[in-house]
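Reading through the structure tokens given below for one structure.
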2 protein chains.
Amino acid sequence: MNILEKITNELDMLSKSERKVAEVILASPNTVIHSSIAALAKQANISEPTVNRFCRRLDTKGYPDFKLHLAQSLANGTPYVNRHVDENDTADEYTSKIFESTMASLELARKSLDANDINRSVDVLTQANKISFFGLGASAIVAHDAQNKFFRFNVPVVYFDDILMQRMSAINSRQGDVVVVISHTGRTKSLVEVASLAKENDATVIGITTTDTPLAKECSIVLSVDVSEDTDLYMPMSSRIAQLALIDVLATGFTLRRGSKFRDNLKKVKDSLRSSRFERKD
Amino acid sequence: MNILEKITNELDMLSKSERKVAEVILASPNTVIHSSIAALAKQANISEPTVNRFCRRLDTKGYPDFKLHLAQSLANGTPYVNRHVDENDTADEYTSKIFESTMASLELARKSLDANDINRSVDVLTQANKISFFGLGASAIVAHDAQNKFFRFNVPVVYFDDILMQRMSAINSRQGDVVVVISHTGRTKSLVEVASLAKENDATVIGITTTDTPLAKECSIVLSVDVSEDTDLYMPMSSRIAQLALIDVLATGFTLRRGSKFRDNLKKVKDSLRSSRFERKD
DNA sequence: TACATTATGAAATAAAATTTCATTTTTTCT
DNA sequence: AGAAAAAATGAAATTTTATTTCATAATGTA
């Protein structure tokens with residue numbers, strides 16, 4: 001439980017003066033943990049009891065207890081937050097911002113995922129006769145990557161990033177087939193149709209998408225990957241990375257389910273690549 | 001610097017009474033952070049000033065400051081680290097492990113990147129006549145994604161995940177062309193050769209790879225993405241995600257360099273997709 | 001043993017946090 | 001709009017907590 005997030009979340013439950021306190025804290029939490037209640041009150045231009053009430057409202061026992069929570073939140077590394085790239089950022093600045101935003105998104109995505117749904121997905125994937133991954137645009141590369149991974153498991157797997165091929169494949173699907181449809185927005189018409197077609201043909205449809213979208217409604221299992229996509233630069237960024245991490249999770253679940261003997265098989269696949277590489281000297 | 005470790009280290013520099021305090025703290029640090037100096041003194045059967053002196057000896061400003069440090073040390077129990085998936089992990093466990101490992105890798109990768117090299121890369125990319133992205137296996141999807149992004153910039157861009165096409169393309173490259181070669185290991189023979197061919201033909205070769213690899217040696221600019229790939233399951237995981245984040249960085253640098261007018265153009269590309277989507281109701 | 005050094009705690013002081021309560025501001029209801 | 005109720009706020013008092021001071025005790029040293 002990160003108290004900084006909590007402050008952000010409850011910002012509009014707070015009174016005007018309490019909000020002033022919140023703002024001062026959010027602006028420089030690292031200063032606050034070394035300030036007395038009097039110093040903080042002065043900084044925020046409000047009285048000491050207000051600070052105290054603010055702390056209580058956040059379910060802490062008082063100001064010292066609040067500082068403890070704050071210190072702990074800060075200790076957990078820099079809390080990754082979605083920081084927006086600015087026109088005048090140096091290379092170093094925008095690099096840091098993008099990496100941090102990406103990490104923040106992964107954290108968010110992880111929270112939106114439900115272990116039960118993952119379990120069910122792994123279930124149906126391990127029992128599938130055939131697995132298809134569909135995506136368009138940025139999600140196409142996620143489908144591509146999924147094929148790459150599941151291919152190693154020696155199961156029939158295909159991926160399509162072409163609307164027509166997806167449609168045809170969906171129409172030809174049958175019971176026992178698993179169709180994984182990937183879309184961040186969950187609103188791409190043709191993909192929603194493909195999901196619906198596959199379902200009509202009795203395939204199990206797993207959706208990797210945002211909660212409560214038209215696509216989600218068509219799926220047998222929804223793996224919710226909720227990230228706040230930074231659309232400042234009009235390019236999908238964090239969404240596809242969170243989706244890829246989820247593919248890793250599914251692939252891992254798959255191998256764990258199949259047992260250790262199966263993992264020896266994976267090693268063989270990997271070893272077969274060795275001759276195409278330059279040897280390591282160390 | 002973890003204060004619990006520090007206490008352990010300095011245990012024999014302490015006086016008899018101070019050591020009593022240390023022992024109480026080490027025994028149940030989680031209780032101590034919620035105790036007053038009086039409570040702790042009583043617990044250790046010594047006086048309050050002794051506790052205070054103990055705190056100062058550990059280079060803290062006093063008891064409250066000491067508690068702050070202690071709280072932070074306790075919170076730091078879960079920084080993002082590469083945790084290995086275990087045979088008996090539940091879905092929830094391996095999901096968390098994979099997401100956390102991914103975040104840890106991103107942190108590592110970010111550290112290995114050099115802002116200067118990124119700047120130079122953005123320089124040559126913005127001035128390129130033609131940009132090619134080459135990758136194989138897991139890195140192929142990174143090249144694929146890069147094409148997806150740079151395509152929006154309305155510059156000639158191609159991607160190949162096929163050895164022969166890569167070779168042909170490299171041989172036909174010329175001055176002013178930029179070839180981006182992506183490989184985590186940096187040891188894939190055919191890719192190293194492609195890099196070398198492109199360089200011989202006066203193209204600028206940017207390598208997205210690990211420091212000090214055969215591939216790195218053939219490149220005009222090396223963007224080091226050092227991650228400790230978890231090879232337990234014999235599948236590339238974090239490496240490709242770190243590479244994708246780097247692609248985001250390059251694409252962002254590109255748009256920033258091109259200025260605000262150019263960004264309007266990106267918005268148009270995005271808007272053109274609208275009709276293919278279901279409308280949002282909210 | 002006598003002296004110096006260090007360690008310790010009782011009591012005094014200082015600092016910090018909390019509570020109480022009167023005043024102000026905002027909301028709700030005619 | 002205006003009165004009544006409710007909520008928010010801060011000044012001052014109180015309480016709690018931490019620190020300093022200083023006298024005494026313990027420990028080491030010649």
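Fair warning: this is a prediction, and the values are worked out from it, not measured in the lab. Here is the naming used below: chain letters follow the sequence lines, and residue numbers restart at 1 for every chain.
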Would you kindly give the [atom1]-to-[atom2] distance between [X] and [N], to the nearest whole Å?
X	N	atom1	atom2	answer
A/K42	C/dA17	NZ	C1'	18 Å
B/L68	D/dA18	CG	C1'	15 Å
A/N52	C/dA15	CG	P	21 Å
A/K20	C/dT25	NZ	C1'	13 Å
B/E18	D/dA26	CD	P	17 Å
B/E48	C/dA12	CD	P	14 Å
B/K61	C/dA14	NZ	P	19 Å
A/I46	C/dT24	CD1	C1'	16 Å

Are any of [X]'s side-chain N or O atoms less than 4.0 Å away from OP1 or OP2 of [N]?
X	N	result
B/S15	C/dT8	yes
A/S47	D/dT9	no
A/S17	D/dA8	no
B/S36	D/dT16	no

Would you name the heavy atoms of B/V227 and B/S105 that are closest together and state the gap between them?
->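 In terms of heavy atoms, the two residues are closest at CG1-O, 3.7 Å.
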Do B/F54 and B/Y63 have ring centres separated by under 6.0 Å?
->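 They do not qualify: ring centres at least 6.0 Å apart.
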Proximal nucleotide (of [options]) relative to the [X] side chain:
X	options	answer
A/I37	C/dT18, C/dG9, D/dA11	C/dT18
B/K67	C/dG9, D/dA18, D/dA11	D/dA18
A/R53	C/dA7, D/dG10, D/dA18	D/dG10
B/R57	C/dT8, C/dT19, C/dA7	C/dA7
A/K16	C/dG9, C/dT26, D/dA18	C/dT26

Interatomic distance, A/K189 atom NZ to A/S183 atom OG [nearest 0.5 angstrom] =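 Reported to 0.5 Å precision, the distance equals 13.5 Å.
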Hey, what do you get for CD1 (A/I208) to OG (A/S239), rounding to the nearest 0.5 Å?
->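 Separation between the atoms: 12.0 Å.
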Determine, for A/D248 against B/R240, whether the closest basic-nitrogen to carboxylate-oxygen distance falls under 4.0 angstrom.
->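 Here A/D248 pairs with B/R240 in a salt bridge, since their nearest N and O are under 4.0 Å apart.
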